[in-house]
**Student:** 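Starting off with a structure, shown below.
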Amino acid sequence: MLKKVLAGVALAIGGAVLVAPTASAAPDDNPFGPKDSTANFVSAFDPAAYGTDGTKSLIVSPFGTSQQIDCSSFHGQSWCTQNGRVLNQIRIPAGSSEWDYRTLYVYNPF
């Protein structure tokens, strides 16, 4: 009796594995980046940066957001580049909490 139950369970698991859908997403070469993050930035000189886009990171760059901004992240640390140049990160306190800040990225031409 036990052999029949185990055989039935094995058949059920085997059938479920065959019927289960496979993942259709292409694997990501590097899950840590760099990724296009331009949509998460707003120019510090844009009035929307202090209104409707107030949650986005600020950028001071001769290109603004017209050129792609690539960001990478690993173990809670992140860094961004634009045109292959480093964007220096400055955290600006935005509230009373230690964790409440807004990030300003400054283009480094060197």
Side-chain angles (χ1 to χ4, degrees):
M1 177 72 172
L2 182 59
K3 289 182 182 181
K4 288 183 180 181
V5 171
L6 292 176
V9 170
L11 283 173
I13 291 173
V17 168
L18 289 175
V19 178
T22 58
S24 61
D28 199 1
D29 291 335
N30 184 354
F32 307 111
K35 302 233 186 281
D36 182 5
S37 301
T38 309
N40 299 328
F41 287 85
V42 64
S43 173
F45 304 110
D46 185 347
Y50 309 100
T52 58
D53 287 336
T55 58
K56 294 183 177 182
S57 294
L58 300 170
I59 184 168
V60 175
S61 165
F63 310 105
T65 55
S66 65
Q67 298 286 322
Q68 181 172 319
I69 301 167
D70 295 311
C71 294
S72 301
S73 179
F74 186 69
H75 284 283
Q77 301 295 317
S78 62
W79 55 96
C80 299
T81 61
Q82 187 178 42
N83 292 338
R85 302 287 185 185
V86 173
L87 295 174
N88 293 326
Q89 189 180 102
I90 302 169
R91 293 184 176 190
I92 302 169
S96 60
S97 168
E98 170 184 347
W99 300 102
D100 192 14
Y101 60 87
R102 189 162 185 197
T103 309
L104 169 68
Y105 289 85
V106 180
Y107 184 83
N108 185 351
F110 302 106

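Each residue takes its place number in the sequence, starting with 1.
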**Student:** For side-chain contact (heavy atoms from CB on, under 4.5 Å), just list the numbers for Ser57 and Gln89, CA-CA rounded to whole Å, side-chain angles, deciding distance to a tenth of an Å, and then say yes or no.
**Tutor:** CA-CA 10 Å; Ser57 294; Gln89 189 180 102; over 6 Å; no
**Student:** Test your reading of the model: is there a side-chain donor-acceptor pair from Arg91 to the backbone of Leu104, 3.5 Å cut-off?
**Tutor:**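 Such a contact is absent between Arg91 side chain and Leu104 backbone.
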**Student:** Taking side chain to side chain contact (heavy atoms under 4.5 Å, CB included) as the test, write out the residues that go with Ser72, two or more places apart.
**Tutor:**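 For Ser72, the residues satisfying side chain to side chain contact (heavy atoms under 4.5 Å, CB included) (neighbours in sequence not counted) are Pro34, Trp79.
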**Student:** Run the side-chain contact (heavy atoms from CB on, under 4.5 Å) check on Ile92 and Thr103 step by step: do they pass?
**Tutor:** CA-CA 6 Å; Ile92 302 169; Thr103 309; over 6 Å; no
**Student:** Looking at side-chain heavy atoms only, is the closest gap between Asn108 and Leu87 below 4.5 Å?
**Tutor:**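 Answer no - side chains too far apart.
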**Student:** How is the hydrophobic cluster of Val86 composed, in terms of its other members, when Ile, Leu, Val, Met, Phe, Trp and Tyr link through side-chain heavy atoms under 4.5 Å apart, directly or indirectly?
**Tutor:** none
**Student:** Considering all heavy atoms of both residues, which atom of Val60 and which atom of Ala44 are nearest to each other, and what is their separation?
**Tutor:** CG2-CB, 3.8 Å
**Student:** Looking at residues at least two apart in the chain, or sitting in another chain, which of them share a ring-ring contact (aromatic ring centres under 6.0 Å, His included) with Tyr101?
**Tutor:**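 Expected list: none.
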**Student:** Taking side-chain hydrogen bond (donor to acceptor under 3.5 Å, both in side chains) as the test, write out the residues that go with Asp70, two or more places apart.
**Tutor:** Gln68
**Student:** Is there a donor-acceptor pair closer than 3.5 Å between any side-chain N or O of Ser37 and the backbone N or O of Lys35?
**Tutor:**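 Between the backbone of Lys35 and the side chain of Ser37 there is a qualifying donor-acceptor contact (under 3.5 Å).
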**Student:** Could you note down all residue pairs passing ring pair (Phe, Tyr, Trp, His ring centres under 6.0 Å) where residues 33-52 supplies at least one of them, sequence neighbours left out?
**Tutor:** Phe41-Tyr105
**Student:** What distance separates Ile59 CD1 from Asn40 CG, expressed to the nearest 0.5 Å?
**Tutor:**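 The CD1 atom of Ile59 sits 11.5 Å away from the CG atom of Asn40.
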**Student:** Could you tell me whether a side-chain N or O of Asn88 sits under 3.5 Å from a main-chain N or O of Ile90, the two making a donor and an acceptor?
**Tutor:**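 No; judged by distance alone, with no hydrogens or angles, the pair does not exist.
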**Student:** Please examine the side chains of Thr65 and Val42, heavy atoms only from C-beta on, and report whether any two atoms are closer than 4.5 Å.
**Tutor:**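 No - every pair of side-chain heavy atoms lies 4.5 Å or more apart.
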**Student:** Taking side chain to side chain contact (heavy atoms under 4.5 Å, CB included) as the definition, give me every residue that meets it alongside Gln67, ordered by chain and number, with sequence neighbours left out.
**Tutor:** Phe63, Gln82, Asn83
